[in-house]
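Below: the structure, in structure tokens.
Note that these values count all heavy atoms, side chains included, but never hydrogens, waters or copies made by symmetry. The sequence lines fix the lettering, A, B, ..., with proteins before strands; numbering per chain opens at 1.
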2 protein chains.
Amino acid sequence: MRKGQKKLSASLEALKKAEAICESNGLKLTKLRKQVLNLIWKKPGYVKAYDLLDELKKVDPSAKPPTVYRTLDFLMENGLIHKIQSVNAFIGCPHPDEHNECYFLICDRCQKIEECCSTKINNVVSSTSKNNNFTPSKVTFEIAGTCQNCLN
Amino acid sequence: MRKGQKKLSASLEALKKAEAICESNGLKLTKLRKQVLNLIWKKPGYVKAYDLLDELKKVDPSAKPPTVYRTLDFLMENGLIHKIQSVNAFIGCPHPDEHNECYFLICDRCQKIEECCSTKINNVVSSTSKNNNFTPSKVTFEIAGTCQNCLN
DNA sequence: AACAATGATGTTATATTATAACATTTATAT
DNA sequence: ATATAAATGTTATAATATAACATCATTGTT
Ligand SMILES: [Zn+2]
Ligand SMILES: [Zn+2]
Ligand SMILES: [Zn+2]
Ligand SMILES: [Zn+2]
């Protein structure tokens, strides 16, 4: 497999899933939303909102912060991307059709993020909440560190 | 126990621990640092940096953002407080002498935060990292939702 | 087709969160 | 007393995000 190819197909895959999800929910995946989703998937690591804005401006100089943040909000609401709270950045979700609470491994060096969702984590969230009489609604679980690739 | 008493003693307790930690590490818990730590503990829920700044200005009108952020940095470096990433706010650590990776339950309604550290969570962090050939350095684990008290 | 209603985008302005860079003061060690 | 380092003061600005209102596009109804 050539360099970039895996990423390319992941991006296409993501777009297809996004279209399916929007279709089945009566939502519109507009040109702008597609553009932003593609920009997010094209970057090898996580993406900052204002970097996205700069990219957008290249094709539409009138793009402004609300252009980006509104689009990010739409994509997040529909599980297509995630906000990574510990770095204030965004990343595409590789499986938006499966569930919406995702967990992350964030490499400090290369900015790449892997999802690490598991029932094990889900279970710990549940039991921790139960033990504390807490009703959970949103989980933030992010492990920052160094990925295998960057360790060498 | 009267209202506020639990919080008061928790605050005093926190200050004592802070003094001990600084003492044993050759660090200075200056007047400013004590003030900020106290302000954080006095609030019933989490505290925003600029709210702290407003409080500080009441006693020292010359206080400015770096005053607050530098002090917060010191307190965080020494495990005395935590930054809550999902709300961009700060909270005192009830057990800064025990460990430094803490996990949180955050009530959306009353802004109160409980630490929910457990070996169970530590173990999941370890196993998740191991399974992904990832070397963790900093964990963000925050469950947002509704606390028992606010549910009624 | 005309109209109303909704959703999406455009635009201006501003709010919120955080840091860089350099100056001054205070504490500590020699 | 002097040098050094640590802490604080000060100015300016960077980075992140939203409020409010205007315009345009899409859809459904009359
Ligand atoms: Zn995901
Ligand atoms: Zn890496
Ligand atoms: Zn803690
Ligand atoms: Zn509550």
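- For A/R70 against C/dG7, a side-chain-to-base donor-acceptor contact under 3.5 Å is absent.
- As rounded to whole Å, 19 Å separates atom P of D/dT13 from atom OH of B/Y69.
- In this structure a side-chain-to-backbone donor-acceptor pair under 3.5 Å is missing from B/K43 to B/I91.
- Of all nucleotides listed (D/dT11, D/dT8, D/dA17), D/dT8 comes nearest to the side chain of B/R33.
- Summary of the strand contacts: B/N88 and B/P66 both lie near DNA chain D, and taking for each the nucleotide with the nearest heavy atom, the more 5' one is attributed to B/P66.
- Between the B/K17 side chain and the B/P94 main chain, a donor and an acceptor come within less than 3.5 Å of each other.
- The shortest distance between the side-chain N/O atoms of B/S62 and the OP1/OP2 oxygens of D/dT10 is below 4.0 Å.
- Side-chain N/O atoms of B/T140 and B/Q85 include no donor and acceptor closer than 3.5 Å.
- Taking only side-chain atoms of B/T67, from C-beta outward, the nucleotide of D/dG9, C/dT9, C/dG10 with the closest atom is D/dG9.
- DNA chain D is contacted by A/K48, A/Y50 of residues 48-59 of chain A, taking any non-hydrogen atom closer than 4.0 Å.
- As a whole-Å value, the separation of A/F74 CZ from C/dG7 C1' is 11 Å.
- Whole-Å rounding puts the A/K83 NZ to D/dT16 P distance at 10 Å.
- Between B/Q35 atom CD and D/dG9 atom P the separation is 10 Å, expressed in whole Å.
- The closest donor-acceptor contact from the side chain of A/E142 to the backbone of A/S86 lies under 3.5 Å.
- Every residue two or more places apart in sequence or in another chain that forms a salt bridge (charged side-chain N to carboxylate O under 4.0 Å, His left out) with B/K138 is listed here: B/E101.
- Distance CG (A/L72) to P (C/dT9): 12 Å, rounded to an integer number of Å.
- Taking both residues in full, the closest heavy atoms of B/D108 and B/A144 are given as OD1-CB, 3.8 Å, listed atom of the first, atom of the second, then distance.
- Between B/P65 and B/K31, it is B/K31 whose nearest contact on DNA chain D lies nearer the 5' terminus.
- Spacing between atom CG of A/L29 and atom C1' of C/dG7 amounts to 15 Å, rounded to whole angstrom units.
- Between B/K28 and A/L32, the residue anchored closer to the 5' end of DNA chain C is A/L32, taking for each the nucleotide with the nearest heavy atom.
- Of the possible polar contacts, one joining the A/T67 side chain to the A/K64 backbone as a donor-acceptor pair under 3.5 Å is found.
- Distance B/D60 CG to D/dA7 P: 18 Å, rounded to the nearest Å.
- At C/dT11, one or more side-chain N or O atoms of A/K64 fall inside 4.0 Å of OP1 or OP2 (strictly under the cut-off).
- We find that CG of A/N78 is positioned 14 Å from C1' of C/dA8, with the value rounded to whole Å.
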